[in-house]
Amino acid sequence: MTQTAPTVDELKIILKKHGLKATQQRVAVHMAMLHLGHASADMVAEETARAKVANVTAASVYNILSQLADIGIYSRRLSANNKMYFDVNTSKHIHLYDSVNNTFRDLQDDELIDYVQSHLGRKRFRGYKVEGIDIQIVCRPSKTR
């Protein structure tokens, strides 16, 4: 089941519950994320500048995205090129990471997710406690798409 980020009105309610204000900058960042789906702070900063909704620096965008991820609005994705991306889909799903274009695409395969969780759920890793399972398939565009 896909769980996407809340609407702007729902965001305002969630922010209030967490003692945060629904500033123009937070709302602009969220609107950009709803449009982009998976995005880095730079991408969101470009989108907010293009939309001319609010003036937000890239550093402020990153801080807002991190803050919203901390309260569960987005999930974080670290790309193979070590850049942080944020994802509006917070449900369990697989990511196809295009290593050429540095983009993510969601892949819903509940059977694979269940298999991996079941298999790893029986494993013990000395000195570690598994917090979650995150499947990312690194790929490149094929000539026939």
Side-chain angles (χ1 to χ4, degrees), residues 1-118 120-121 125 127-145:
M1 180 173 110
T2 301
Q3 182 177 339
T4 58
T7 65
V8 171
D9 290 335
E10 292 167 337
L11 173 74
K12 290 176 181 180
I13 294 167
I14 295 167
L15 289 172
K16 189 173 183 176
K17 285 181 184 177
H18 288 275
L20 300 169
K21 292 181 181 179
T23 63
Q24 188 177 16
Q25 289 82 6
R26 284 188 182 116
V27 170
V29 165
H30 187 64
M31 288 171 53
M33 280 300 297
L34 291 175
H35 180 255
L36 297 169
H38 298 92
S40 66
D42 293 336
M43 293 166 68
V44 173
E46 288 173 16
E47 179 68 17
T48 58
R50 186 194 62 72
K52 298 179 182 168
V53 179
N55 186 18
V56 193
T57 66
S60 293
V61 166
Y62 183 82
N63 290 335
I64 291 168
L65 289 168
S66 294
Q67 188 178 54
L68 296 179
D70 288 345
I71 62 173
I73 304 289
Y74 312 126
S75 59
R76 290 178 172 88
R77 303 269 355 121
L78 186 60
S79 69
N81 68 347
N82 288 323
K83 192 168 194 174
M84 183 61 67
Y85 285 76
F86 295 85
D87 185 358
V88 297
N89 182 349
T90 58
S91 65
K92 290 180 185 176
H93 63 285
I94 299 167
H95 283 98
L96 292 177
Y97 174 69
D98 177 339
S99 62
V100 174
N101 298 300
N102 295 310
T103 57
F104 289 93
R105 193 175 110 207
D106 290 344
L107 174 65
Q108 196 62 48
D109 188 332
D110 294 335
E111 184 179 350
L112 178 59
I113 292 169
D114 290 346
Y115 172 77
V116 171
Q117 286 181 322
S118 171
L120 291 178
F125 303 97
Y128 292 94
K129 182 178 185 214
V130 175
E131 293 180 341
I133 297 169
D134 184 11
I135 302 171
Q136 177 171 294
I137 301 168
V138 179
C139 52
R140 64 180 46 249
S142 63
K143 296 201 185 331
T144 57
R145 284 170 59 167

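Applying the salt bridge (charged side-chain N to carboxylate O under 4.0 Å, His left out) rule to pairs touching residues 33-51 yields Asp42-Lys83, Glu47-Arg50, sequence neighbours excluded.
In terms of heavy atoms, His93 sits closest to Asp87 at NE2-OD2, 3.1 Å. Minimum interatomic distance between Ser99 and Val138 (heavy atoms only, all atoms of both residues): CB-CG1, 3.9 Å. Taking every heavy atom of both residues into account, Phe86 and Met33 meet most closely at O-CE, 3.3 Å. Considering all non-hydrogen atoms of both residues, Ala54 and Ala28 come closest at CB-CB, 3.7 Å. Summarising the geometry of Thr48 relative to Ala32, their closest heavy-atom pair is CG2-CB, 3.9 Å, with the distance given to 0.1 Å. The shortest non-hydrogen separation linking Cys139 to Leu96 is SG-CB, 4.1 Å.
Defined by atom type and a distance below 3.5 Å, a donor-acceptor pair is missing between the side-chain atoms of Asn89 and Tyr74.
Counted within 6.0 Å of NE2 on His35, heavy atoms from surrounding residues, nucleotides or ligands total 12 or fewer; the atom is thus considered open. Atom CZ of Phe125 sits in a crowded spot, with more than 12 heavy atoms from other residues, nucleotides or ligands closer than 6.0 Å.
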Apply side-chain contact (heavy atoms from CB on, under 4.5 Å) to the pair Ile137 and His95, showing each step before the final yes or no. CA-CA 6 Å; Ile137 301 168; His95 283 98; over 6 Å; no
Would you check, one step at a time, whether the test side-chain contact (heavy atoms from CB on, under 4.5 Å) holds for Gln108 with Ile113? CA-CA 9 Å; Gln108 196 62 48; Ile113 292 169; 4.3 Å; yes
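Atom OG of Ser91 is separated from atom CG of Asp106 by 7.5 Å, given to the nearest 0.5 angstrom. Note: Asp98 CG to Arg140 CZ = 8.5 Å, rounded to the nearest 0.5 Å. Atoms NZ and NZ, on Lys21 and Lys16 in that order, are 12.0 Å from each other to the nearest 0.5 Å. How far CG of Leu120 is from OH of Tyr115: 9.0 Å, rounded to the nearest 0.5 Å. Here the CD1-CG distance, from Ile135 to Leu107, works out to 9.0 Å after rounding to the nearest 0.5 Å. Atoms CG and CG, from Asp114 and Asp109 in turn, are 9.0 Å apart once rounded to the nearest 0.5 Å.
With Gln117 contributing its side chain and Leu112 its backbone, the two residues share no donor-acceptor pair below 3.5 Å. Judged by distance alone, the side chain of His30 and the main-chain N or O of Ala5 form no donor-acceptor pair under 3.5 Å.
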Can you give each donor-acceptor pair under 3.5 Å made by side-chain atoms of residues 63-71, sequence neighbours left out, with the distance rounded to 0.1 Å?
| from | atom 1 | to | atom 2 | distance (Å) |
| --- | --- | --- | --- | --- |
| Asn63 | ND2 | Ala59 | O | 3.4 |
| Ser66 | OG | Tyr62 | O | 3.1 |
| Gln67 | OE1 | Arg26 | NE | 3.0 |
| Gln67 | OE1 | Arg26 | NH2 | 3.0 |
| Asp70 | OD1 | Arg76 | NH1 | 3.3 |
| Asp70 | OD1 | Arg76 | NH2 | 2.8 |

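His38 has its ring centre no less than 6.0 Å from the ring centre of Tyr85.
Looking only at side-chain heavy atoms (C-beta outward), Val8 and Met31 come within less than 4.5 Å of each other. Two residues are said to be in side-chain contact when any heavy atoms from C-beta on lie closer than 4.5 Å; Tyr97 and Asn102 meet this criterion. The side-chain heavy atoms of Val44 and Val56, taken from C-beta on, include no pair separated by under 4.5 Å.
Between Arg77 and Asp134, at least one side-chain nitrogen of the basic residue sits less than 4.0 Å from a carboxylate oxygen of the acidic one, meeting the salt-bridge criterion.
Residues passing the side-chain hydrogen bond (donor to acceptor under 3.5 Å, both in side chains) test with Thr57 are Ser60, sequence neighbours excluded.
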